[in-house]
2 protein chains.
Amino acid sequence: MTSMPPGERIGSHVKRAEQALLAAKNAALKPAAVTVPQYAALLWLSEKPGISAAALARLCGVTPPTMNTVLKNLQERGLIERTPHEWHRNVLETRLTEEGRAAMELADAGAVRVERALAAAFSAQEREQLIGLLGRCAEVLDAQR
Amino acid sequence: MTSMPPGERIGSHVKRAEQALLAAKNAALKPAAVTVPQYAALLWLSEKPGISAAALARLCGVTPPTMNTVLKNLQERGLIERTPHEWHRNVLETRLTEEGRAAMELADAGAVRVERALAAAFSAQEREQLIGLLGRCAEVLDAQR
DNA sequence: TTGCATGCATTAGAGCTCTAACATATCTTC
DNA sequence: GAAGATATGTTAGAGCTCTAATGCATGCAA
(Lines give C-alpha, C1' and ligand atoms only; values in the text may rest on other atoms or scores of the structure.)
Protein backbone atom coordinates (compact mmCIF):
# COMPACT_ATOMS: atom_id res chain seq x y z
CA MET A 1 0.00 0.00 0.00
CA THR A 2 1.89 2.98 -1.31
CA SER A 3 0.52 6.39 -0.60
CA MET A 4 1.55 8.05 -3.86
CA PRO A 5 1.83 6.67 -7.39
CA PRO A 6 5.11 7.37 -9.21
CA GLY A 7 3.53 9.38 -12.00
CA GLU A 8 2.20 11.94 -9.54
CA ARG A 9 5.57 12.42 -7.93
CA ILE A 10 7.12 15.54 -9.39
CA GLY A 11 10.46 14.29 -8.19
CA SER A 12 10.43 11.30 -10.48
CA HIS A 13 9.97 13.57 -13.49
CA VAL A 14 12.81 15.80 -12.35
CA LYS A 15 15.02 12.77 -11.90
CA ARG A 16 14.11 11.43 -15.31
CA ALA A 17 14.99 14.73 -17.01
CA GLU A 18 18.27 14.95 -15.10
CA GLN A 19 19.19 11.41 -16.13
CA ALA A 20 18.52 12.16 -19.77
CA LEU A 21 20.52 15.36 -19.45
CA LEU A 22 23.48 13.55 -17.95
CA ALA A 23 23.40 10.86 -20.63
CA ALA A 24 23.20 13.38 -23.46
CA LYS A 25 26.01 15.50 -22.02
CA ASN A 26 28.22 12.52 -21.41
CA ALA A 27 27.80 11.49 -25.02
CA ALA A 28 28.51 15.02 -26.22
CA LEU A 29 31.61 15.22 -24.02
CA LYS A 30 33.06 11.96 -25.26
CA PRO A 31 35.21 13.53 -28.01
CA ALA A 32 36.86 15.70 -25.36
CA ALA A 33 37.28 12.67 -23.08
CA VAL A 34 36.04 14.50 -20.00
CA THR A 35 33.15 13.78 -17.65
CA VAL A 36 30.35 16.20 -16.88
CA PRO A 37 31.79 17.24 -13.49
CA GLN A 38 35.22 17.66 -15.08
CA TYR A 39 33.73 19.86 -17.78
CA ALA A 40 31.95 21.99 -15.19
CA ALA A 41 35.21 22.52 -13.32
CA LEU A 42 37.15 23.33 -16.49
CA LEU A 43 34.49 25.81 -17.59
CA TRP A 44 34.55 27.73 -14.31
CA LEU A 45 38.33 27.60 -14.23
CA SER A 46 38.47 29.27 -17.61
CA GLU A 47 36.43 32.17 -16.23
CA LYS A 48 38.10 32.40 -12.83
CA PRO A 49 41.76 31.48 -13.19
CA GLY A 50 43.54 30.89 -9.89
CA ILE A 51 40.36 30.17 -7.97
CA SER A 52 40.62 28.00 -4.84
CA ALA A 53 39.24 24.46 -4.82
CA ALA A 54 36.71 25.35 -2.16
CA ALA A 55 35.36 28.30 -4.14
CA LEU A 56 35.25 26.15 -7.25
CA ALA A 57 33.31 23.54 -5.33
CA ARG A 58 30.73 26.16 -4.37
CA LEU A 59 30.35 27.30 -7.98
CA CYS A 60 29.90 23.73 -9.19
CA GLY A 61 27.50 22.88 -6.38
CA VAL A 62 29.54 20.06 -4.87
CA THR A 63 31.43 19.58 -1.61
CA PRO A 64 35.16 20.29 -1.29
CA PRO A 65 36.15 16.62 -1.05
CA THR A 66 34.20 15.93 -4.22
CA MET A 67 35.96 18.76 -6.03
CA ASN A 68 39.22 17.42 -4.69
CA THR A 69 38.52 14.10 -6.39
CA VAL A 70 37.66 15.77 -9.68
CA LEU A 71 40.71 18.03 -9.58
CA LYS A 72 42.97 15.13 -8.75
CA ASN A 73 41.90 13.37 -11.93
CA LEU A 74 42.24 16.52 -14.01
CA GLN A 75 45.70 17.14 -12.62
CA GLU A 76 46.85 13.59 -13.33
CA ARG A 77 45.82 14.12 -16.91
CA GLY A 78 47.68 17.41 -17.10
CA LEU A 79 44.61 19.53 -17.78
CA ILE A 80 45.14 21.77 -14.75
CA GLU A 81 47.98 22.85 -12.50
CA ARG A 82 47.85 23.83 -8.86
CA THR A 83 50.36 26.19 -7.28
CA PRO A 84 50.62 27.52 -3.70
CA HIS A 85 49.10 30.93 -3.08
CA GLU A 86 51.43 33.86 -2.48
CA TRP A 87 50.12 34.88 0.95
CA HIS A 88 47.65 32.28 2.09
CA ARG A 89 50.10 29.47 2.05
CA ASN A 90 47.36 26.95 2.78
CA VAL A 91 45.53 27.79 -0.44
CA LEU A 92 46.28 26.24 -3.80
CA GLU A 93 45.64 28.30 -6.90
CA THR A 94 44.20 26.22 -9.71
CA ARG A 95 44.64 27.08 -13.37
CA LEU A 96 44.02 25.52 -16.77
CA THR A 97 47.03 24.29 -18.69
CA GLU A 98 47.21 24.75 -22.44
CA GLU A 99 45.91 21.22 -22.84
CA GLY A 100 43.20 21.98 -20.33
CA ARG A 101 42.01 24.98 -22.27
CA ALA A 102 41.90 22.97 -25.47
CA ALA A 103 39.92 20.19 -23.77
CA MET A 104 37.57 22.76 -22.26
CA GLU A 105 36.86 24.33 -25.63
CA LEU A 106 36.25 21.01 -27.31
CA ALA A 107 33.99 19.95 -24.47
CA ASP A 108 32.17 23.26 -24.46
CA ALA A 109 31.27 22.87 -28.11
CA GLY A 110 29.58 19.55 -27.34
CA ALA A 111 27.84 20.81 -24.23
CA VAL A 112 26.50 23.91 -25.93
CA ARG A 113 25.21 21.79 -28.78
CA VAL A 114 23.13 19.81 -26.29
CA GLU A 115 21.89 22.97 -24.57
CA ARG A 116 20.89 24.53 -27.87
CA ALA A 117 18.98 21.43 -28.91
CA LEU A 118 17.26 21.45 -25.54
CA ALA A 119 16.39 25.14 -25.74
CA ALA A 120 15.10 24.73 -29.27
CA ALA A 121 12.40 22.40 -28.02
CA PHE A 122 10.64 25.26 -26.25
CA SER A 123 9.28 28.69 -27.01
CA ALA A 124 10.79 31.66 -25.19
CA GLN A 125 7.78 31.73 -22.90
CA GLU A 126 8.01 28.04 -22.15
CA ARG A 127 11.70 28.34 -21.31
CA GLU A 128 10.93 31.06 -18.81
CA GLN A 129 8.11 29.00 -17.33
CA LEU A 130 10.29 25.93 -17.02
CA ILE A 131 13.16 27.82 -15.44
CA GLY A 132 10.80 29.57 -13.06
CA LEU A 133 9.08 26.36 -12.01
CA LEU A 134 12.40 24.57 -11.51
CA GLY A 135 13.61 27.49 -9.40
CA ARG A 136 10.61 27.14 -7.15
CA CYS A 137 11.29 23.41 -6.85
CA ALA A 138 14.81 24.06 -5.62
CA GLU A 139 13.59 26.78 -3.29
CA VAL A 140 10.91 24.65 -1.66
CA LEU A 141 13.16 21.62 -1.38
CA ASP A 142 16.00 23.59 0.18
CA ALA A 143 13.56 25.08 2.70
CA GLN A 144 12.24 21.59 3.42
CA ARG A 145 15.61 20.60 4.69
CA MET B 1 35.10 33.10 -24.33
CA THR B 2 32.19 30.89 -23.44
CA SER B 3 29.39 30.64 -25.89
CA MET B 4 26.55 30.37 -23.39
CA PRO B 5 26.11 31.86 -19.91
CA PRO B 6 25.11 29.41 -17.15
CA GLY B 7 21.82 31.13 -16.37
CA GLU B 8 20.57 30.50 -19.89
CA ARG B 9 21.40 26.83 -19.78
CA ILE B 10 18.22 24.94 -19.00
CA GLY B 11 20.37 22.04 -17.92
CA SER B 12 21.86 23.91 -15.01
CA HIS B 13 18.41 24.61 -13.63
CA VAL B 14 17.42 20.99 -14.00
CA LYS B 15 20.58 19.93 -12.23
CA ARG B 16 19.99 22.41 -9.44
CA ALA B 17 16.46 21.13 -8.84
CA GLU B 18 17.65 17.53 -8.89
CA GLN B 19 20.37 18.29 -6.36
CA ALA B 20 17.89 19.94 -4.02
CA LEU B 21 15.55 17.00 -4.48
CA LEU B 22 18.26 14.51 -3.63
CA ALA B 23 19.32 16.45 -0.55
CA ALA B 24 15.76 16.78 0.72
CA LYS B 25 14.99 13.11 0.14
CA ASN B 26 18.19 11.98 1.76
CA ALA B 27 17.32 14.00 4.84
CA ALA B 28 13.78 12.61 4.87
CA LEU B 29 15.09 9.06 4.50
CA LYS B 30 17.55 9.36 7.35
CA PRO B 31 15.19 7.95 10.02
CA ALA B 32 14.81 4.82 7.90
CA ALA B 33 18.58 4.67 7.36
CA VAL B 34 18.28 4.01 3.65
CA THR B 35 19.59 5.91 0.63
CA VAL B 36 17.45 7.25 -2.18
CA PRO B 37 18.37 4.41 -4.59
CA GLN B 38 17.75 1.86 -1.84
CA TYR B 39 14.33 3.38 -1.16
CA ALA B 40 13.47 3.26 -4.86
CA ALA B 41 14.37 -0.42 -5.00
CA LEU B 42 12.44 -1.24 -1.83
CA LEU B 43 9.38 0.63 -3.10
CA TRP B 44 9.27 -1.26 -6.39
CA LEU B 45 9.97 -4.54 -4.61
CA SER B 46 6.94 -4.00 -2.43
CA GLU B 47 4.80 -3.70 -5.55
CA LYS B 48 6.44 -6.46 -7.58
CA PRO B 49 7.58 -9.21 -5.21
CA GLY B 50 9.92 -11.74 -6.80
CA ILE B 51 10.99 -9.42 -9.60
CA SER B 52 14.38 -10.03 -11.23
CA ALA B 53 17.28 -7.65 -10.62
CA ALA B 54 17.43 -6.68 -14.27
CA ALA B 55 13.73 -5.82 -14.39
CA LEU B 56 14.09 -3.87 -11.17
CA ALA B 57 16.99 -1.99 -12.69
CA ARG B 58 14.81 -1.00 -15.63
CA LEU B 59 12.05 0.24 -13.34
CA CYS B 60 14.51 2.28 -11.28
CA GLY B 61 16.23 3.64 -14.37
CA VAL B 62 19.69 2.29 -13.60
CA THR B 63 21.92 -0.35 -15.16
CA PRO B 64 22.00 -3.95 -13.91
CA PRO B 65 25.45 -3.64 -12.29
CA THR B 66 24.24 -0.58 -10.42
CA MET B 67 21.20 -2.40 -9.15
CA ASN B 68 23.47 -5.28 -8.21
CA THR B 69 25.44 -2.93 -5.97
CA VAL B 70 22.30 -1.56 -4.35
CA LEU B 71 20.82 -5.02 -3.80
CA LYS B 72 24.07 -6.30 -2.34
CA ASN B 73 23.93 -3.62 0.32
CA LEU B 74 20.26 -4.24 1.03
CA GLN B 75 20.88 -7.96 1.34
CA GLU B 76 23.79 -7.49 3.73
CA ARG B 77 21.48 -5.48 5.92
CA GLY B 78 18.81 -8.17 5.78
CA LEU B 79 16.19 -5.97 4.10
CA ILE B 80 15.77 -8.28 1.13
CA GLU B 81 16.29 -11.94 0.27
CA ARG B 82 17.15 -13.48 -3.05
CA THR B 83 16.20 -17.01 -3.98
CA PRO B 84 16.76 -18.98 -7.21
CA HIS B 85 13.84 -19.00 -9.62
CA GLU B 86 11.90 -22.22 -10.06
CA TRP B 87 12.39 -22.62 -13.82
CA HIS B 88 14.83 -19.98 -14.97
CA ARG B 89 17.67 -21.16 -12.83
CA ASN B 90 19.77 -18.18 -13.85
CA VAL B 91 17.30 -15.73 -12.36
CA LEU B 92 17.20 -14.71 -8.73
CA GLU B 93 13.86 -13.75 -7.28
CA THR B 94 14.15 -10.79 -4.96
CA ARG B 95 11.74 -10.15 -2.12
CA LEU B 96 11.40 -7.86 0.87
CA THR B 97 11.99 -9.35 4.28
CA GLU B 98 9.85 -8.32 7.23
CA GLU B 99 12.52 -5.83 8.18
CA GLY B 100 12.67 -4.64 4.61
CA ARG B 101 8.97 -3.93 4.53
CA ALA B 102 9.17 -1.99 7.77
CA ALA B 103 12.10 0.05 6.45
CA MET B 104 10.26 0.69 3.21
CA GLU B 105 7.18 1.96 5.01
CA LEU B 106 9.19 4.24 7.26
CA ALA B 107 11.15 5.54 4.29
CA ASP B 108 8.00 5.99 2.23
CA ALA B 109 6.48 8.22 4.86
CA GLY B 110 9.47 10.55 4.65
CA ALA B 111 9.61 10.51 0.86
CA VAL B 112 5.92 11.20 0.48
CA ARG B 113 6.23 14.08 2.92
CA VAL B 114 8.81 15.68 0.65
CA GLU B 115 6.73 15.04 -2.45
CA ARG B 116 3.66 16.57 -0.85
CA ALA B 117 5.57 19.66 0.18
CA LEU B 118 6.90 19.95 -3.34
CA ALA B 119 3.48 19.49 -4.92
CA ALA B 120 1.98 22.04 -2.54
CA ALA B 121 4.22 24.72 -4.00
CA PHE B 122 2.30 24.63 -7.27
CA SER B 123 -1.25 24.90 -8.53
CA ALA B 124 -2.73 21.93 -10.36
CA GLN B 125 -2.16 23.71 -13.63
CA GLU B 126 1.45 24.50 -12.80
CA ARG B 127 2.12 20.89 -11.84
CA GLU B 128 0.84 19.73 -15.20
CA GLN B 129 2.91 22.35 -16.97
CA LEU B 130 6.05 21.40 -15.10
CA ILE B 131 5.59 17.68 -15.68
CA GLY B 132 4.85 18.29 -19.34
CA LEU B 133 7.89 20.48 -19.85
CA LEU B 134 10.15 18.03 -18.04
CA GLY B 135 8.79 15.24 -20.18
CA ARG B 136 9.72 17.15 -23.30
CA CYS B 137 13.20 17.72 -21.87
CA ALA B 138 13.73 14.00 -21.42
CA GLU B 139 12.30 13.29 -24.85
CA VAL B 140 14.54 15.76 -26.66
CA LEU B 141 17.62 14.73 -24.74
CA ASP B 142 17.05 11.03 -25.35
CA ALA B 143 16.63 11.73 -29.05
CA GLN B 144 19.80 13.81 -29.01
CA ARG B 145 21.78 10.75 -28.07
C1' DT C 1 50.04 37.44 23.13
C1' DT C 2 46.94 34.05 23.58
C1' DG C 3 42.86 32.17 22.14
C1' DC C 4 39.06 31.63 18.95
C1' DA C 5 36.70 31.81 14.65
C1' DT C 6 37.01 31.20 9.87
C1' DG C 7 38.41 29.09 5.82
C1' DC C 8 41.17 25.82 2.91
C1' DA C 9 42.88 21.25 2.02
C1' DT C 10 42.94 16.52 2.77
C1' DT C 11 41.98 11.68 4.27
C1' DA C 12 38.89 7.89 5.41
C1' DG C 13 34.98 5.37 4.53
C1' DA C 14 30.59 4.26 2.51
C1' DG C 15 27.77 4.20 -1.39
C1' DC C 16 26.14 5.04 -6.25
C1' DT C 17 27.02 5.06 -11.16
C1' DC C 18 28.65 3.86 -15.54
C1' DT C 19 30.99 0.92 -19.50
C1' DA C 20 33.10 -3.29 -20.84
C1' DA C 21 33.53 -7.94 -20.56
C1' DC C 22 32.34 -12.56 -19.45
C1' DA C 23 29.56 -16.58 -17.85
C1' DT C 24 25.23 -18.86 -17.80
C1' DA C 25 20.68 -20.27 -19.01
C1' DT C 26 16.61 -20.30 -21.91
C1' DC C 27 14.29 -19.96 -26.26
C1' DT C 28 14.06 -19.90 -31.29
C1' DT C 29 15.39 -21.36 -35.63
C1' DC C 30 17.30 -24.28 -38.92
C1' DG D 1 19.80 -31.79 -32.14
C1' DA D 2 22.89 -27.67 -32.93
C1' DA D 3 23.52 -22.74 -33.53
C1' DG D 4 22.40 -18.34 -32.61
C1' DA D 5 19.53 -14.87 -30.26
C1' DT D 6 17.93 -13.15 -26.01
C1' DA D 7 18.03 -12.28 -21.20
C1' DT D 8 20.09 -12.58 -16.56
C1' DG D 9 23.75 -12.21 -13.42
C1' DT D 10 28.26 -11.00 -12.17
C1' DT D 11 33.08 -9.06 -11.96
C1' DA D 12 36.43 -5.45 -12.91
C1' DG D 13 37.69 -0.84 -13.15
C1' DA D 14 37.09 4.08 -13.24
C1' DG D 15 34.87 7.96 -11.47
C1' DC D 16 31.57 10.86 -8.67
C1' DT D 17 29.32 11.87 -4.34
C1' DC D 18 28.51 12.49 0.39
C1' DT D 19 29.53 12.88 5.75
C1' DA D 20 32.86 13.03 9.34
C1' DA D 21 37.16 14.09 11.04
C1' DT D 22 41.77 16.15 10.95
C1' DG D 23 45.53 19.48 10.13
C1' DC D 24 47.02 23.91 8.93
C1' DA D 25 46.98 28.88 8.15
C1' DT D 26 45.09 33.45 8.66
C1' DG D 27 42.86 37.12 11.01
C1' DC D 28 40.35 39.02 14.88
C1' DA D 29 39.50 39.85 19.72
C1' DA D 30 40.23 39.73 24.60
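A, B, ... follow the sequence lines: proteins, then strands. Residue 1 opens every chain.
- For Thr35(B), the side chain to side chain contact (heavy atoms under 4.5 Å, CB included) partners two or more places apart in sequence, or in a different chain, are Pro37(B), Gln38(B).
- For Glu81(A), the side chain to side chain contact (heavy atoms under 4.5 Å, CB included) criterion is met by Arg95(A), Thr97(A), not counting sequence neighbours.
- Taking only side-chain nitrogens and oxygens, Thr35(A) never comes nearer than 4.0 Å to OP1 or OP2 of dG15(D).
- Note: NZ (Lys30(B)) to P (dG15(C)) measures 14 Å, nearest angstrom.
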Could you go over nucleotides 21-24 of chain D and give all protein N or O partners under 3.5 Å, atom names and distances?
from	atom 1	to	atom 2	distance (Å)
dC24(D)	O2	Asn90(A)	ND2	2.9

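- Residue Asn68(A) places none of its side-chain N or O atoms closer than 4.0 Å to OP1 or OP2 of dA9(C).
- Of the residues near DNA chain C, Lys15(A) and Pro64(A), the one whose nearest nucleotide (by heavy atom distance) lies more toward the 5' end is Pro64(A).
- Residue pairs meeting the side-chain hydrogen bond (donor to acceptor under 3.5 Å, both in side chains) criterion with at least one partner in residues 127-139 of chain B, sequence neighbours excluded, are Glu126(A)-Arg136(B).
- Side chain of Thr69(A) to backbone of Pro65(A): a donor-acceptor contact under 3.5 angstrom is found.
- Among residues two or more places apart in sequence or in another chain, the side-chain hydrogen bond (donor to acceptor under 3.5 Å, both in side chains) test is passed with Thr66(B) by Thr63(B).
- In this structure, the separation between CG on Leu141(A) and CG on Leu118(B) is 5.0 Å, given to the nearest 0.5 Å.
- Atom CG of Asn26(B) and atom P of dT19(D) are 8 Å apart (whole Å).
- In this structure, CD of Glu18(A) is placed 12 Å from P of dC18(C), rounded to the nearest angstrom.
- With rounding to whole Å, Leu29(B) atom CG is found 17 Å from dC18(D) atom P.
- Put simply, CG on Asn73(B) is 11 Å from P on dA14(C), counting in whole angstrom units.
- The separation between Met67(A) atom CE and dA9(C) atom C1' is 13 Å, rounded to whole Å.
- At least one side-chain nitrogen or oxygen of Gln38(B) sits closer than 4.0 Å to the OP1 or OP2 atom of dC16(C).
- By the 4.5 Å heavy-atom criterion applied to side chains, Leu130(A) and Leu130(B) are counted as neighbours.
- Listed by residue number, the members of residues 52-63 of chain A with any heavy atom below 4.0 angstrom from DNA chain C are Ser52(A), Ala53(A), Ala54(A), Arg58(A).
- Computed from C1' positions of five pairs at each end, the angle between the two local axes of the helix from dT1(C)-dA30(D) to dC30(C)-dG1(D) equals 10°, rounded to 10 degrees.
- One interatomic measurement links the two molecules: CD of Glu76(A) to P of dC16(D), which rounds to 11 Å at whole-angstrom precision.
- The distance between atom CG of Leu21(A) and atom P of dC18(C), rounded to the nearest whole Å, is 14 Å.
- Between Ile51(A) and Gln19(A), the one whose closest nucleotide on DNA chain C sits nearer the 5' end is Ile51(A).
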Identify all side-chain donor-acceptor contacts of residues 51-61 of chain B below 3.5 Å with residues at least two apart in sequence or on another chain.
from	atom 1	to	atom 2	distance (Å)
Ser52(B)	OG	Ala55(B)	N	3.1

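- With sequence neighbours excluded, no residue forms a side chain to side chain contact (heavy atoms under 4.5 Å, CB included) with Glu98(B).
- In this structure Ala138(A) satisfies the side chain to side chain contact (heavy atoms under 4.5 Å, CB included) test together with Arg16(B), Ala20(B), sequence neighbours excluded.
- With sequence neighbours left out, Lys15(A) forms a side-chain hydrogen bond (donor to acceptor under 3.5 Å, both in side chains) with no residue at all.
- Between Arg82(B) and dT10(D) there is a side-chain N or O to OP1 or OP2 distance below 4.0 Å.
- Evaluation of the salt bridge (charged side-chain N to carboxylate O under 4.0 Å, His left out) test over residues 19-28 of chain B, restricted to residues two or more places apart or in two chains, returns Lys25(B)-Glu115(B).
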